[in-house]
Amino acid sequence: MIDKNSPLPIYTQIEDGIRSQIENGELKPHDAIPSEREYATQFQISRMTVRQAITNLVNEGLLYREKGRGTFVSEQKIEQQLVGLTSFTEDMKARGFTPSSRLLHFEIIPATAKIASQLSIQVHHPVYEITRIRLAHGIPMAIETVYMSANLIKGVTEAIIQQSLYDYVEQQSELKIGHATQTLEAIVATENETEHLQVAKGSPILLIQRYTYLEDGTPLEVVRSAYRADRYKFTVSMNRT
Ligand code: GLP
């Protein structure tokens, strides 16, 4: 792992070494890495140097520390391309994960002025307010709150939202989903999000807000999704035109 004659700093070489052990599967998620003392003895270097390398990898999210237990390899992040308008169920299935949802809240409420204007409906008209934890292989990935007009999409039940909402809109209601606009920003998890996403207090969250429209331009949904930043990353491909 270490070449003392290399122009690269020692801590960078250790970082690169651990990184490639993770990439080639020699170190797997939740494996413990050797202690600072072990690395220091093995490579005849100072513990400070080892600590710097490990801290950099912890800050990057590749490793995590547990007090009194040691340092471990993190789960790899799910990488999602920001192309195409897909549902959570489709996204997870495409990656070979089993999607599921835990329903936290389901109610028909009168639209507030804000929701009404976002959905282009009258104030106080009925809207579904749905909050679900979205899971992949049983692990919470996001909390999502959806608002949808109950006059537009009729007959949504708890059983339906345990499955796929987009599937219900397209298969049962026979409406065509057209396009969406989405914003993505970084926030700190609220206490509620911390609890439901099983992350530490103060963890970073990727907040996505989506406005989805039917093919004829009718607003379909307003959605706030809080994704775990330790499990998710988004990629965009860009053309210079
Ligand atoms: C994604 C989107 C939401 C959408 C949901 C539908 O998570 N961010 O805007 O409501 O997919 O997912 P499903 O069809 O699995 O219920």
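In each ligand, atom 1 is the first atom listed, and ligand 1 is the first ligand listed. For clarity, every value in this text was computed on a predicted model and none was experimentally measured.
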- prompt: Between Tyr166 and ligand 1, does any nitrogen or oxygen pair lie at a separation below 3.5 Å?
  reply: yes

Between the side chains of [X] and [Y], does any donor sit under 3.5 Å from an acceptor?
{"X": "Asp3", "Y": "Gln13", "answer": "no"}
{"X": "Thr183", "Y": "Gln209", "answer": "no"}
{"X": "Thr218", "Y": "Asp216", "answer": "yes"}

query: Which class fits the ring pair Tyr128 and Phe106: parallel under 30°, tilted 30 to 60°, perpendicular over 60°?
result: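 Ring orientation, 0 to 90° scale: parallel.
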
Report the part of [X] (side chain from C-beta onward, or backbone N, CA, C, O) that has a heavy atom under 4.0 Å from ligand 1; answer both or neither where that applies.
{"X": "Arg132", "answer": "side chain"}
{"X": "Gln163", "answer": "backbone"}
{"X": "Ser164", "answer": "both"}
{"X": "Val223", "answer": "side chain"}
{"X": "Tyr227", "answer": "side chain"}

Any idea which atoms of ligand 1 are less than 4.0 Å away from a heavy-atom of [X]?
{"X": "Ser225", "value": "8 (N)"}
{"X": "Glu221", "value": "3 (C), 4 (C), 9 (O), 10 (O)"}
{"X": "Thr89", "value": "13 (P), 15 (O)"}
{"X": "Leu165", "value": "13 (P), 14 (O), 16 (O)"}

- request: Give the residue and atom name of whichever protein heavy atom lies nearest to atom 2 (C) of ligand 1, and the separation in Å to one decimal.
  value: Arg210 NH1, 3.3 Å

Distance from atom 1 (C) of ligand 1 to nearest protein heavy atom, with residue and atom: Phe88 N, 3.5 Å

- prompt: Should one rank Met141, Glu144, Arg134, Met92 by closest heavy-atom distance to atom 7 (O) of ligand 1, which comes out on top?
  reply: Glu144

query: So Phe88 and Tyr166, ring-ring contact (aromatic ring centres under 6.0 Å, His included) or not? Walk me through it.
result: CA-CA 9 Å; Phe88 183 82; Tyr166 277 15; over 10 Å; no

- prompt: Is the number of heavy atoms from other residues, nucleotides or ligands under 6.0 Å of Lys77 NZ greater than 12?
  reply: yes

Ring center gap for His179 and Tyr213 short of 6.0 angstrom: yes

- prompt: Which pair of heavy atoms, one from Thr112 and one from Val123, lies closest together, and at what distance?
  reply: C-CG1, 4.5 Å

